[in-house]
Amino acid sequence: MTLQAFLSRRVVTPEGIRPAAILVDGEQIEAVVPADQVPEGARIQDFGDAAILPGLVDSHLHINDPGRAEWEGFETATRAAAAGGYTMLVDMPLSCLPATSNVAALEAKRDAARGRCRVDWAAWGSVVADNQRDVEKLAGAGVRGFKCFLIHPGIDGFTMVTEPELRAALPHVARTGLPLLVHAELAGPIETATASLANADWKSYVTYLRSRPDEAELSAIRLLLSLCREYRCRLHIVHLATWQALDELRAARAEGLAVSVETCPHYLHFSAEEIADGATLCKCAPPIRSRENRERLWQGLRDGVIDLVATDHSPCPPSMKQLETGNLKTAWGGIASLSVALPVMWTDASRRGFTLRDIARWMAEGPAELAGFSARKGRIAAGCDADLVVFEPETEFTVTPERLHYRHAVSAYMGEKLRGVVKATYLRGKRVFAEGSFPGDPIGREYRS
Ligand SMILES: [Zn+2]
């Protein structure tokens, strides 16, 4: 196999951003060396001023396949991922049918994925009301951790867990050593708030925001931290939307609890003040909160209390967004962003003084660590898979339907001018995206440790 050498003046490594040559032997990175130390005979590709980032890892998205492939699907999601600079996806267990709550369902997902993926993938299992006995079997079969909901997930085929049901599962989860990922909102504060809004205008974004108060997240996180302390399991808070939990999360970590935290591009980009009434494209749960809240989430990233940024790419058929009526009570909640998450984050992060090194930490290293494959994914380093993204940080573009590549070209970001263009994506040394096209056969496969 010919040695490949990827050169750039801005290679984003864990040690920093520097001019370098990435030497790739077959599917893996052999070494990262100064550009003048490329061995003779290597096939050189010099990307000049374009940066080379590690392939991004999305630890939170909904592929909806099998069972709801008309919402998304492995072909379209992995295509959008490649175009967006992602080379590894970890699929949530709830939006496919059957939900990934036992080994047979995991096998059904593997069947659906076979031969159809343009990037690598892995699966989260679940903790639902009645699958406590399946938890360890799922771990043995290869899931990377377990997702659960403390509130109704808003989708058929997946059940929430009550505290007693969760307690019954936690000893099993703890034994696997895998993380428990939790949608942290409790129903109580939401039901109270929603009851008081019975006659409110549900086209108004303020109404929707009021219906899901910070308190729902805060009370859930408090419960989870106490369970984490009691059962000594790994805990991961998905899509943190309120800054108000940051101090308690920081304190939990200082105490030695194994807690990690994620937020999403939409919480860091949009703010409630700017969302128009009837803008169902911006509906998600927990909701996008105030401008001040957004800035404090950025501070949480700066301080390291928030470890990572995942997309929570959660698409649906356009009709479910109810764009004509703009009813924020009944429209599907979920924001699709897989192909534009990197430029969204870079646009907002660079404006706040962050670097591509921060982006790589939040969007590649952090998620890889959560899902337990940091030895192979998420870094440009010897021994890792040669998953690389060629990225032009200074080039601007406007979000148009042609740039989205997922099943339904619907986006909360449509028409926005963003900074940073993905020129090419390499998966294990092979080009899977370049200048708007997807060369070659789908070579993505499930990550198996
Ligand atoms: Zn989600």
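Fair warning: this is a prediction, and the values are worked out from it, not measured in the lab. Counting starts at 1 for both ligands and their atoms, in listed order. Quick note: residue numbers are just sequence positions, from 1.
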Completion exercise
Within a distance under 2.8 Å of the Zn ion (ligand 1), the protein atoms of type N, O or S are His60 NE2, His62 NE2, Asp312 OD1

Exercise for the section: Classify the ring geometry between Tyr267 and His239 as parallel (under 30°), tilted (30 to 60°) or perpendicular (over 60°). Expected result: perpendicular

Ignoring hydrogens and angles, state whether a donor on the side chain of [X] or [Y] is under 3.5 Å from an acceptor on the partner side chain.
X: His313; Y: Ser337; answer: no
X: Asp214; Y: Thr242; answer: yes
X: Arg296; Y: Gln299; answer: no

Problem - Charged N-O contact under 4.0 Å between Arg250 and Glu255 - result: no

Completion exercise
For Ser411 and Leu404 the tightest heavy-atom approach is CB-CD1, 3.8 Å

